[in-house]
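No hydrogens, no waters, no symmetry mates; every other heavy atom, side chains included, goes into these values.
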Amino acid sequence: MCGIVGAIGHPDAASVLYQALQRLEYRGYDSAGICIADGGALDARRAVGKLSALGEVLAKDPLPGMTGIGHTRWATHGKATLNNAHPIMAGAEVAVVHNGIIENHKILKAGLIERGHVFTSDTDTEVLTHLFAEAVASQPDLMSATKHVLGQIEGAYAFAVVAKAFPDQIAIARNASPLAVGLGEGANYIGSDAMAMGSMTRRIIFLKDGDYGVISRDDIELRSEDGTPAQREVVMASASPGLVSKDGYQHFMEKEIHEQPEAIAHTLAEITAADGGFNFELGDAAEMKGMVMLAAGTSHNAAMIGKYWMESLADLPVVTEIASEFRYRNPSVRHLDMAMGISQSGESLDTLMALRYAAEQGLKTLGLVNVAESTIARETDLQLLTRAGPEIGVASTKSFTAQLAVLLGLAAELGQKRGVLSADDAAKIHADLASLPRLMGAAMNSFDDIRPFISQLARAQSCLFLGRGMLYPLALEGALKLKELSYIHAEGYASGEMKHGPIALIEEGLPVIALLSNDEHLPKAVSNLMEAKARGAAVMVICTESTKEAVEDIDTIITVPDCDPLIAPILLSIPAQILSYLTAVHKGTDVDQPRNHAKSVTLE
Ligand code: AGP
């Protein structure tokens, strides 16, 4: 995750920007930079590596001035080099700091080069810089220039821009990546989160998706996506500088649900090569005969979805095992040569011990973790990292969808290496993954769509989640979320399995939540849910937009944007998480620390 900061009207802008970057260093530290735009002249200092390297550069070569922007980078498109360090500049006309993915950067870059622009980095961000260089030359003011640029780009982004043509102003915009404005005395600030500005102000405005605007030292003008004035609430941020902040959300879980577009964007960047393909370093692992996936809880549900992708895209035999069961069965592993441990914390002892057992049996081990310096990361032969950032809420949300993004990308890469998936098909999967931040941002509408149904669900004693194909493990995950957060007993079932017994549970008013997407299972999955409705169940469907046409006279249908069925399990996770979150809030349970639970179960 990258961190963005800005300051306008402060007598020593570079100093407060550096302090703010220090508070954002947890978001990434491949490179950092600051640009001061004093009286219009733009001047920048950048450095590769930890933020302290930038501090040394600034000490030797200070940047005086009252307006500026800064960035701490976690490499997305383009390696961690000085050329790719933000702020990215177009001559001395424009400087940009950006967090997210500009999905259509390739086509925009081609057009800009045709119009004579010279690129100096291999970042997607640089297209923003050149688009702004064009816009500030053609538009009457910085707000119009910003709107003009936003009309050309697609993707998840939060950015801040200074331009020589419009001194004493900073342009900002956000879509799916967080951005906040801090209101100071005679100065105003920008930050990826409230904590960044904690030493300057606690009066914070959190921008909403689609918001953009221009700030000066004594004015903040925000617009909504449709260009109308956006009146955003000023909140008092917590006075806990230095800690991970809730950033104005009621719970860490709510914040982390909203962070998923950004978490996916940065996880995708972790597995994306400079040429736009996948960059998994697997050595001869591509030749493996078979893989066992070892995990617990939500991570095991991710493993079960990963199995579908590994088998269908890479023709790789995969078995998934509940870690705490695996080693006590003396399992036969002669048909396997790789064990993958999937763990957000990288510390779950069940998973760690299962991996140690697999290693003793001679299997190569791979850890898919969200904590780079965790025990599982240190003990496995290979590591894959999700870049979801710190996950404080005990219920896994952003780490789950980030795990899925890596598993799908890995399946596509293995499919290519094993000669069963074409380069074009792999590229389509990569593009579908890159569209997720934007689609997930749109799926946050589920908060409003689901809220009216929560009081009824909160009264339930029991609940069924149904899914078919890849959505069966998602049904398990939806049930786990509802159980662990709201303490309502919930079961996830393969839709086709319901008629082999669980159908006896169906009675008038029993909540049945069916997950659907436009895949080959849809007709049968609809039949299964109608069997439940015919017996009095209160059915809620969570589905992709166009799928709802296949579902007649169902009272409650929650939709997410249409997407390729291959990524539907990732996108449909959002409403499933929101449903459990809102139910728990309604019931007044301890959402971030549910009873009896722990974020990382470090005992067997
Ligand atoms: C999921 O919401 C729970 N927090 C829990 O099931 C968790 O997924 C499980 O304990 C595994 O944790 P890990 O991913 O850190 O190994």
Passes ring pair (Phe, Tyr, Trp, His ring centres under 6.0 Å), F159 versus F132? Steps please.
-> CA-CA 12 Å; F159 61 70; F132 263 97; 5.7 Å; yes
Go through the steps for Y212 and L222 under the test side chain to side chain contact (heavy atoms under 4.5 Å, CB included), then give the verdict.
-> CA-CA 6 Å; Y212 66 96; L222 296 177; over 6 Å; no
Would E259 and K255 count as a side chain to side chain contact (heavy atoms under 4.5 Å, CB included) if you check the C-alpha gap in whole Å, the side-chain angles of each, and the deciding distance to 0.1 Å?
-> CA-CA 6 Å; E259 282 181 332; K255 175 189 173 194; 3.0 Å; yes
What do the steps show when you test I102 against L128 for side chain to side chain contact (heavy atoms under 4.5 Å, CB included), and what is the final call?
-> CA-CA 9 Å; I102 305 299; L128 281 176; 4.2 Å; yes
Where do I101 and L268 land on the side chain to side chain contact (heavy atoms under 4.5 Å, CB included) test, with the steps shown first?
-> CA-CA 9 Å; I101 287 187; L268 184 57; 4.1 Å; yes
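Of the options I454, I558, D449, a side chain to side chain contact (heavy atoms under 4.5 Å, CB included) to L579 is made by I454 and by none of the others. With V591 as the partner, the side chain to side chain contact (heavy atoms under 4.5 Å, CB included) test is satisfied by one option alone out of M253, Q250, E254: M253.
N370 contributes a side-chain N or O that, together with a main-chain N or O of G389, makes up a donor-acceptor pair within less than 3.5 Å. Of the possible polar contacts, one joining the S192 side chain to the I4 backbone as a donor-acceptor pair under 3.5 Å is found. Between the N83 side chain and the T120 main chain, a donor and an acceptor come within less than 3.5 Å of each other. The closest donor-acceptor contact from the side chain of N188 to the backbone of R217 lies under 3.5 Å. Judged purely by atom type and a 3.5 angstrom limit, D592 uses its side chain to pair as donor or acceptor with the backbone of F252. Side chain of S224 to backbone of G227: no donor-acceptor contact under 3.5 angstrom is found. Proximity of a side-chain donor or acceptor of S435 to a complementary backbone N or O of D432 within less than 3.5 Å is detected. Proximity of a side-chain donor or acceptor of E391 to a complementary backbone N or O of S399 within less than 3.5 Å is detected.
Within 6.0 Å of NZ in K109 there are more than 12 heavy atoms belonging to other residues, nucleotides or ligands. Within 6.0 Å of the CG atom in L82, the count of heavy atoms belonging to other residues, nucleotides or ligands exceeds 12.
Between I257 and M444 there is a side-chain heavy-atom pair separated by less than 4.5 Å. Put simply, the side chain of V94 does not reach to within 4.5 Å of the side chain of K164, judged on heavy atoms. Side-chain contact between V234 and L183 is present, with heavy atoms from C-beta onward closer than 4.5 Å. For the pair F119/H130, a side-chain contact is recorded, criterion being any heavy-atom separation below 4.5 Å from C-beta on.
Between K398 and E256 there is no salt bridge, since no side-chain N of the basic residue sits under 4.0 Å from a carboxylate O of the acidic one. Between D564 and K428 there is a salt bridge, with a side-chain nitrogen of the basic residue lying less than 4.0 Å from a carboxylate oxygen of the acidic one. The pair E56-K60 does not count as a salt bridge, with every side-chain nitrogen at least 4.0 angstrom from each carboxylate oxygen. Note on R45 versus D43: salt bridge recorded, some NZ/NE/NH1/NH2 to OD/OE distance being below 4.0 Å.
Residues G68 and A13 share a closest heavy-atom pair of N-CB, 4.3 Å. Residues L63 and I34 approach most closely at CD1-O, 3.7 Å, considering heavy atoms. When every heavy atom of A377 is checked against every heavy atom of V369, the shortest pair comes out as CB-CG2, 4.0 Å. Minimum interatomic distance between I153 and L108 (heavy atoms only, all atoms of both residues): CG2-CD1, 3.9 Å. Taking every heavy atom of both residues into account, P261 and G441 meet most closely at CG-N, 3.8 Å. Nearest heavy-atom pair, A426 versus Q416, reported as atom, atom and distance to 0.1 Å: CB-OE1, 3.1 Å.
In this structure, E93 has no salt bridge (Lys or Arg N to Asp or Glu O under 4.0 Å) partners at least two apart in sequence or on a different chain. With sequence neighbours left out, the salt bridge (Lys or Arg N to Asp or Glu O under 4.0 Å) criterion links D211 to R232. Scanning for side-chain hydrogen bond (donor to acceptor under 3.5 Å, both in side chains) contacts around S573 gives an empty result, with sequence neighbours left out.
Ring geometry for H86 against H98 counts as parallel: the plane angle stays under 30°, on a 0 to 90° scale with 60° as the upper cut. Note: Y581 and F447 have perpendicular aromatic rings, judged against thresholds of 30 and 60 degrees for the angle between ring planes.
Note that the CD1 atom of I170 and the CD1 atom of I215 stand 4.5 Å from one another [nearest 0.5 Å].
Listed by first and then second residue, the salt bridge (charged side-chain N to carboxylate O under 4.0 Å, His left out) pairs that reach into residues 127-137 are R115-E134, sequence neighbours excluded. Residue pairs meeting the salt bridge (charged side-chain N to carboxylate O under 4.0 Å, His left out) criterion with at least one partner in residues 171-186, sequence neighbours excluded, are R174-D209. Counting only residues at least two apart or on different chains, the salt bridge (charged side-chain N to carboxylate O under 4.0 Å, His left out) pairs with a member in residues 221-230 are E221-R223.
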